[in-house]
Amino acid sequence: AARVLGTRLRPVRGPLVCRAKKFPLPLDPLPPRTQWEAQAKNTSKFLAHQGRDAIARLDRGEQLPTSVPYHAQVWSFGEDILMVNLAGEVVVDYSLRLKKENDPARTWVNGYTNDVPCYIPSQRVWEEGGYEAAGAMLYYGWPARFASGIEETIMSAVKEMTPVSFAGPAAK
């Protein structure tokens with residue numbers, strides 16, 4: 001706040017142009033039924049419930065999801081501000097990369113927009129594994145972690161929607 005108060009503010013002009021794209025983020029191959037059966041016997045009530053639920057869905061002939069629906073938006077306010085809106089709890093790597101590939105002084109990145117399907121790991125976090133990359137997926141109701149490569153899927157969609165006038169030095 002102190003830095004902003006000491007700065008000469010610039011007006012944000014239009015026109016406002018909004019672009020949106022919905023696309024699936026693939027999951028890793030789903031566990032076999034035997035894994036769900038073992039999980040149904042887990043001492044954790046939550047994990048046991050999820051195992052029983054997956055078995056019940058399979059017994060009804062339902063397909064378990066193999067991807068997570070995702071939504072990204074790019075808003076440009078004339079040549080002044082680029083606002084990238086990403087669904088879910090995206091890790092900081094997305095903001096850092098978007099500000100590297102676009103003009104960082106004019107790029108504003110938002111998470112938790114339109115939907116919160118789960119944590120959205122970057123490739124770096126996916127490779128590290130752990131809670132954000134894999135463990136949390138169970139608590140959001142997804143049957144597997146994301147497949148490798150979702151960062152590129154998201155970034156490609158954002159790039160398609162971003163006006164070239166916002167490209168930073170790393171993108172040129």
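For the numbers below, each heavy atom of this structure counts, side chains included, while hydrogens, waters and symmetry mates do not.
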Whether Phe46 and Tyr139 hold their rings parallel, tilted or perpendicular, with breakpoints at 30° and 60°: parallel
Can you find a pair of side-chain heavy atoms, one from [X] and one from [Y], that are under 4.5 Å apart?
X	Y	value
Lys22	Tyr70	no
Arg52	Trp36	no
Trp126	Ile150	no
Phe166	Ser76	yes
Leu27	Pro143	yes
Lys100	Pro104	no
Ile81	Thr107	no

Can you name the nearest heavy-atom pair linking [X] to [Y], along with the distance?
X	Y	value
Arg145	Ala133	CB-O, 3.5 Å
Ser122	Asp93	OG-OD2, 2.6 Å
Asn42	Ala48	O-CB, 3.5 Å
Thr153	Pro24	CG2-O, 4.3 Å
Ala147	Asp28	CA-OD1, 3.3 Å
Pro11	Asp80	O-OD2, 3.8 Å

Let me see the working for Leu58 and Gln63 under side-chain contact (heavy atoms from CB on, under 4.5 Å), right down to the final yes or no. CA-CA 7 Å; Leu58 293 170; Gln63 295 286 326; over 6 Å; no
Verdict with reasoning, Val84 to Asn110, per side-chain contact (heavy atoms from CB on, under 4.5 Å): CA-CA 6 Å; Val84 179; Asn110 297 309; over 6 Å; no
Just by modelled atom types, is the [Y] backbone N or O under 3.5 Å from a matching donor or acceptor in the [X] side chain?
X	Y	answer
Trp142	Pro117	yes
Asn102	Leu98	yes
Asp115	Ala87	no
Tyr94	Pro121	yes
Gln50	Leu138	yes
Trp108	Leu82	no
Glu151	Gln123	yes

Are [X] and [Y] connected in the hydrophobic side-chain network, where two residues link if heavy atoms are under 4.5 Å apart?
X	Y	answer
Leu96	Ile154	no
Tyr131	Met137	yes
Met161	Met155	yes
Phe23	Val68	yes
Val17	Val12	no

How far apart are the C-alpha atoms of Glu132 and Val91, what are their side-chain angles, what is the distance that settles it, and do they pass the side-chain contact (heavy atoms from CB on, under 4.5 Å) test? CA-CA 9 Å; Glu132 287 180 324; Val91 298; 4.0 Å; yes
For Trp75, is the NZ or CZ atom of Arg19 found under 6.0 angstrom from the centre of its six-membered ring and inside 45 degrees of the ring axis?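 Ring-cation test returns no.
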Check the pair Asn85 / Thr113 against side-chain hydrogen bond (donor to acceptor under 3.5 Å, both in side chains), numbers first and verdict last. CA-CA 6 Å; Asn85 302 298; Thr113 59; 4.8 Å; no
Quick one: CG on Leu25 to CD1 on Ile120, what's the gap to the nearest 0.5 Å? 6.0 Å
What distance do Met83 atom CE and Leu16 atom CG have between them, rounded to the nearest 0.5 Å? 9.0 Å
Derivation and outcome, salt bridge (Lys or Arg N to Asp or Glu O under 4.0 Å), residues Glu152 and Arg97: CA-CA 11 Å; Glu152 291 309 315; Arg97 181 171 170 184; 2.7 Å; yes
Are a donor atom and an acceptor atom from the side chains of Gln39 and Gln35 found within less than 3.5 Å of each other?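 Note: Gln39 and Gln35 side chains miss the donor-acceptor criterion.
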Check whether the side chains of Glu89 and Tyr112 place a donor and an acceptor atom closer than 3.5 Å, and report yes or no. yes
Is the count of non-hydrogen atoms from other residues, nucleotides or ligands lying under 6.0 Å from Arg10 atom CZ greater than 12? no
Test salt bridge (Lys or Arg N to Asp or Glu O under 4.0 Å) on Arg33 and Glu37; report intermediate values, then the result. CA-CA 6 Å; Arg33 182 185 180 95; Glu37 290 168 348; 2.9 Å; yes
Check the pair Arg13, Phe77 against side-chain contact (heavy atoms from CB on, under 4.5 Å), reporting the backbone distance first and the verdict last. CA-CA 6 Å; Arg13 298 172 294 268; Phe77 296 80; over 6 Å; no
